[in-house]
Amino acid sequence: MTNPLLKYYRIPKLYVKLPSNGDYYPDGFLDTSLNGELPVYPLTVKDQILLKTPDALFNGESLLNVIKNCVPGITDPKLLVEPDIKQLVLAIRVASSGATLEFTSACPKCHTSHNFDVNISHMTETFVDSVPDNTVNLDDQLIVHLRPYNFIQRHLQILNELEESKIIKMVEARQDLDENGKAVELGKHVDSMADRTLSLMALSVESVTIVSTSESVTDPKYIEDFIKGITPNQANVIMDKVRELNAQGPDLTSRFHCDNCGHEWDQMLDVDPTSFFG
Ligand SMILES: [Zn+2]
C-alpha cells in the first residue's frame, strides 16, 4: 500500500540555476527538467543535526549528503564545483528558513555591535551569467584548461591541512631536538607536503593543449606528472586562475550601515555550513 503520509512530504521551495551552467560536469550530471533550473527542498531535521557537527572533515561529508537530499536533481554531488556549492548552500538556506538571515557584525569604525537582517534570497540570482575564461597560457607553448575546486578537492585539502598540522605538532613536541634540529626534521616532510599540494592542483586541470601540434592531453596521470615539474611562476599563474574560478558564483557581499556613527561598509557573508544554517 502507498504511504498515506506521502502527500505531506516536503515539496521544493525554490528553483535555482547553477553559476557553472553545468559546464564542468559529465553528460547526465544534471537532471534539469525545468529549463536548466533545479528544484531545491528544505532541510529535514536529520540534515540539520548532521550539519551541526563541528568536525571539519565530517562536516564536509554531511554537506554532501544534505545536497543529495535537498537537491535530488544532481546525480553526483561530489563533482560539484565551488561556485555551485555556494549557490546551493544559499538556496537550501532560503528553502529551509526563508529569505532573511540574521547577522551580527561590529562597525569597523566605531566598533558598535549591530544585529542586521540580510535578505539573501536575491543573492541566488547575483552570479554573472557568462562562465569566465578558464584557460591560462604557459610561455606560449601550452594552454592549460582549468576548473574550480570540487568537493573531492575540498576534502583532500582538509586532509592535507590536518596532516600538516599533525606533523608540525609532532616535531615541535620533540624534547631531544633543539630549534635547528626541529627545522631539519620539518624539512624532511616538506617534499611530501609539496607533493600533496601539487596533486590537489593537478585535479583542477581538465586538459593541456600543446600549441605547436594542437594535441590535447587529458590523461590525469600525465597531467599530474607534468604539474609536479612546473616552475613556481607557472604554478602561480595556474593557482591565480583556479582562485578566480573558485570565487565565481553568487555575490555574497552586503552593504551595512552603522546607526551610531553613520559609517557604511561592505561585508561578505560566511556560508560555512556549521554556522550558516543556524
Ligand atoms: Zn559605527
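Indexing begins at 1, ligand by ligand and atom by atom, following the structure's order.
Closest heavy-atom contact between Tyr149 and Asn246: N-OD1, 2.7 Å.
Within 6.0 Å of atom CG in Asp133, more than 12 heavy atoms from other residues, nucleotides or ligands are found, so the atom counts as buried in its surroundings. Other residues, nucleotides and ligands place more than 12 heavy atoms under 6.0 Å from the NZ atom of Lys228.
Using cut-offs of 30° and 60° on the angle between ring planes, the pair Phe103 and Phe256 is parallel.
Protein N/O/S atoms found under 2.8 Å from the Zn ion (ligand 1), listed by chain and residue number: Cys107 SG, Cys110 SG, Cys258 SG, Cys261 SG.
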Take Asp84 and Ser20 through the side-chain hydrogen bond (donor to acceptor under 3.5 Å, both in side chains) test and state the conclusion after the steps. CA-CA 6 Å; Asp84 292 347; Ser20 74; 2.6 Å; yes
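Residues meeting the side-chain hydrogen bond (donor to acceptor under 3.5 Å, both in side chains) test with Gln248, sequence neighbours left out: none.
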